[in-house]
Every structure is written in C-alpha cells, then in structure tokens.
Amino acid sequence: MKLEEARKSYRENSQITPSLRRYMVVLGRFIVKLLPIAPKFIVRRIAGRYVAGSDLDSAVSLMKKIDKENTCFTIDVLGEEIKNLDEARYFVEEYSRVLDEIILHDIDANISLKPTAFGLLLDKDIAIKNMEEILIKAALNDIFVRLDMEDHRVTQATIDIVLLMQERGFENIGTVLQGRLFRTEEDIKNITKSLGEFSDFRICKGIYLEPNEISYTRYEDIVNATNNCIDIMLESGSYTAIASHDYPIIDHSLKKLENMQMYPDNDPRTNSIGSRKGKGIGYEFQFLLGVRGDLRRELASKGHLTRVYVPYGTKWYEYGVRRIRENPDIAWHVTKTLFMPWTNRR
Ligand code: FAD
C-alpha cells in the first residue's frame with residue numbers, strides 16, 4: 001500500500017464518532033483504574049505488544065525476526081529512577097551484556113540509556129561514571145548511545161552530560177529533545193553551537209505531561225512546536241532522528257526533507273558530518289515497538305532508514321502500568337489498539 005493510501009485508509013478507519021470516542025475514553029480510563037489490580041497476565045497481554053520480553057534473549061530473537069522488515073533498532077533496558085545506587089550496577093551490567101549480544105549477533109542496533117536508572121537523581125558524578133563505562137565499551141565497538149530524555153527535572157542535567165562526554169572525546173553520544181517544552185528551540189541552538197556537526201538528536205513530542213508554565217499542552221501547539229524543532233535541526237546540519245507515529249509530523253518531515261533535497265542516499269547539506277556507521281544519511285524515522293508498523297514498513301520501502309525502539313526487561317510490569325497512568329493518551333491508544341486494531345498495525 002502506498003503511503004498516501006495508507007494515510008487515507010487510516011483517516012477513514014479513524015473516523016470515530018464523538019460519542020464512540022467518548023465511550024472509548026471512558027473505557028480507557030476504566031482500564032487504567034483497573035490495571036493495578038488486574039491479574040498480571042492481562043497487563044502482560046496489553047504490554048506484550050510494546051515490550052520485547054523480560055530478558056535479553058527475547059529482545060534478540062524479536063530483532064532477528066523484524067530484521068526482515070528492513071529496519072534497525074535501539075535497545076532499551078526497562079527501568080528508571082532507582083532508589084539506591086546499587087541498583088545502577090544492574091543497568092551497567094545489563095547494558096554491557098546488550099553490547100556483547102549486538103556484537104555477537106551482528107545486529108544493526110544502538111542503545112538508549114535513561115540517566116535516572118544510572119543514579120542521576122541520587123549522585124550525578126556516580127551516574128556519569130556509570131554511563132561512561134557503557135559509553136567506552138560502545139565507542140570501542142562503534143556503537144551509538146542515546147540518552148533518553150526524561151521529565152523536566154533532568155532536562156538540563158541530561159544535556160550537560162552529553163556535552164561533557166563530547167568534551168571528553170566521545171563522538172558516539174546524543175540525546176533526545178521534546179517538542180512540547182518551550183525551552184527546546186533554545187536547547188537545539190546551544191547544543192549545535194557546542195557540538196557542531198556532531199550534534200545528533202532524537203526529536204519527539206515528549207511523553208511526560210509537563211506543567212503549562214514550561215510546555216505546550218494543546219495537541220496543535222505540540223505538533224507545530226515539534227515540526228519547528230525538526231526544521232531547525234535539519235537546517236543546522238544535525239543528524240535528526242524523527243520519533244513520531246503522527247501523520248502531521250511525518251508528512252511535515254517528508255516535505256521538509258524534499259525541500260532540502262535530502263533523500264535516503266543524498267544529504268546535500270554542507271554543514272553535516274555525512275554518513276556514519278549504523279546511521280542514515282542525515283536523518284532517520286524512529287518507531288516504538290508495536291506501534292504503526294504499517295507506516296514504518298512503508299517508509300522503509302521508500303528507502304528511508306527506520307529504527308524500532310525495543311524495550312525489554314524484568315521491569316516491564318512497573319514500566320507499563322506507570323506509563324499508562326502517567327499519560328492518559330496511552331490508555332486511549334491501548335483501547336484503540338485493542339478494539340480497533342486496524343488503526344495500528346504491528
Ligand atoms: P500520537 O498522536 O501520540 O500518536 C499518533 C498515533 O500513533 C496514534 O493515533 C496511535 O495510533 C499511535 N500511537 C502512538 N503512541 C502509541 C502507543 N503508546 N500505543 C499505541 N499506539 C500509539 N518521549 C520522551 O519524553 N522521551 C524520550 O526519550 C522518548 N523516546 C522515544 C523514542 C521513540 C523511538 C519514539 C517513537 C517515541 C519516544 N518518546 C519519547 C515518546 C514520544 O515523545 C511520544 O510521546 C509518543 O511517540 C507519542 O507521540 P506521537 O508523535 O507518536 O503522536
């Protein structure tokens with residue numbers, strides 16, 4: 001199916017009447033309320049779509065399976081905001097195993113770290129040391145490391161770590177910026193000023209519902225702000241990983257790429273670094289595991305580099321429930337996926 005047809009069919013299928021939508025929102029809220037008391041197997045069934053499994057083997061076999069779809073991966077070990085620093089050792093060791101498996105199986109993958117899982121909110125210096133351990137091993141094997149962006153308490157600290165690591169000579173690190181935050185445009189400018197052609201961003205709307213003093217809260221404003229960030233990133237010569245499943249963002253990005261004459265095999269920008277191992281030429285599209293696979297496959301069939309974010313880990317239950325409770329939009333997506341599966345193909 002062509003992208004235009006897929007989009008048309010998505011719109012037609014998504015034409016949910018206001019009363020049906022209201023009903024589904026209520027159902028979504030009901031599901032969210034029930035989750036903490038629901039038997040684990042039910043939550044597993046819902047979360048199963050979005051999580052590769054509870055161990056690294058499941059993630060590896062899933063990636064080998066999806067590999068046929070002409071995509072690459074980012075691996076994420078589930079878990080965040082630890083309560084004591086001993087817990088951080090688990091993440092250091094597990095990510096080290098992840099790197100071993102990427103190398104052993106020659107998987108086209110990089111990794112994403114959540115700084116709070118390494119102790120950022122407990123002891124910044126120890127957290128940096130922990131992440132540096134992973135970064136060194138990844139750098140020696142030419143593997144890229146992205147710091148996921150968490151809520152506003154750690155935005156500046158996360159950016160500072162990326163800048164510090166680049167200062168220490170690591171070129172295999174980048175972070176994520178969230179279009180919904182007012183500060184993001186300024187952050188792009190500051191980061192690109194410091195890192196120049198080594199600036200490497202993932203841009204997304206932002207999953208955390210931030211206060212309206214610091215972020216946009218209306219859908220249209222979030223989309224516009226995110227699209228504006230994509231433009232600034234692309235124009236600045238930065239590597240730009242567009243992480244969204246939303247047509248207004250994908251369409252905008254495709255149009256912008258075309259205007260800049262950036263194609264899967266051509267990046268005419270003179271201020272960019274050019275192609276690097278494991279990356280596309282200047283940009284890529286990123287998708288969460290289990291979300292809008294049809295759109296991802298369509299983009300891949302047109303030659304665009306696509307990447308699937310693959311979370312796994314023993315903490316899948318806490319992660320799933322917490323995420324769903326944090327952002328009611330996810331409950332809406334889950335309800336839609338459960339009852340209208342055609343709107344979201346795996
Ligand atoms: P939406 O309007 O939310 O979604 C568009 C359509 O996609 C929906 O109608 C639905 O069909 C489908 N969809 C989207 N999300 C889901 C879902 N969870 N379940 C089922 N269907 C869904 N946020 C951060 O704050 N920090 C990060 O580091 C971060 N990393 C990310 C990495 C990747 C690869 C991706 C894709 C997202 C990441 N996000 C991150 C989340 C992001 O900020 C958004 O919250 C999320 O992608 C939903 O926004 P959307 O642009 O896809 O648009």
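Since we're looking at a predicted model, the values are computed, not measured. Every number for a ligand or one of its atoms is a count from 1 in the order of the listing. Start at 1 with the first residue, then count along the sequence. Scope of the values below: all heavy atoms of this structure, side chains included, with no hydrogens, waters or symmetry mates.
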Salt-bridge criterion met for [X] and [Y] (N-O under 4.0 Å):
X: Asp294; Y: Arg292; answer: yes
X: Glu132; Y: Arg168; answer: yes
X: Arg276; Y: Asp142; answer: no
X: Glu185; Y: Lys189; answer: yes
X: Asp108; Y: Arg307; answer: no

- Message: Less than 4.5 Å apart, side chain to side chain, heavy atoms only: is that true for Thr158 and Ile161?
- Response: no

- Task: Would you indicate whether the side-chain heavy atoms of Thr192 and Phe201 approach each other to under 4.5 Å?
- Result: yes

- Query: From Arg146 CZ over to Ile173 CD1, what is the distance, rounded to the nearest 0.5 angstrom?
  - Reply: 9.5 Å

Report yes if [X] has an N/O atom closer than 3.5 Å to an N/O atom of ligand 1; otherwise report no.
X: Gln286; value: no
X: Tyr219; value: no
X: Ala243; value: no
X: Tyr208; value: no
X: Ile249; value: no

Proximal candidate to [atom] [heavy atom criterion; set [options]]:
atom: atom 33 (C) of ligand 1; options: Leu181, Leu288, Ile203; value: Leu288
atom: atom 42 (C) of ligand 1; options: Cys204, Ser244, Pro311; value: Cys204
atom: atom 1 (P) of ligand 1; options: Lys114, Arg307, Lys205, Arg49; value: Lys205
atom: atom 5 (C) of ligand 1; options: Arg146, His245, Gln178; value: His245

Applying a heavy-atom cut-off of 4.0 Å, say which part of [X] lies close to ligand 1: side chain, backbone, both or neither.
X: Val176; result: side chain
X: Arg202; result: side chain
X: Ile207; result: both

- Message: With a 3.5 Å distance limit and no angle check, can you tell me whether Asn172 reaches the backbone of Ile143 through a side-chain donor-acceptor pair?
- Response: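 Yes; at least one donor-acceptor contact below 3.5 Å.
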
- Could you establish whether Tyr50 and ligand 1 come within less than 4.0 Å of each other, counting only heavy atoms on the residue side?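 Tyr50 counts as a contact of ligand 1 under the 4.0 Å cut-off.
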
- Task: Fit a plane to each ring of Phe182 and Tyr216, take the angle between them on a 0 to 90° scale, and name the class: parallel (under 30°), tilted (30 to 60°) or perpendicular (over 60°).
- Result: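 Ring orientation, 0 to 90° scale: perpendicular.
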
- Proximal ligand 1 atoms for Tyr309, defined as those under 4.0 Å from one of its heavy atoms: 34 (C)

- Task: Run the numbers for me: atoms of ligand 1, each under 4.0 Å from some heavy atom of Asp148, listed by number.
- Result: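 Those of ligand 1 that fall under 4.0 Å from Asp148 are 28 (O).
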
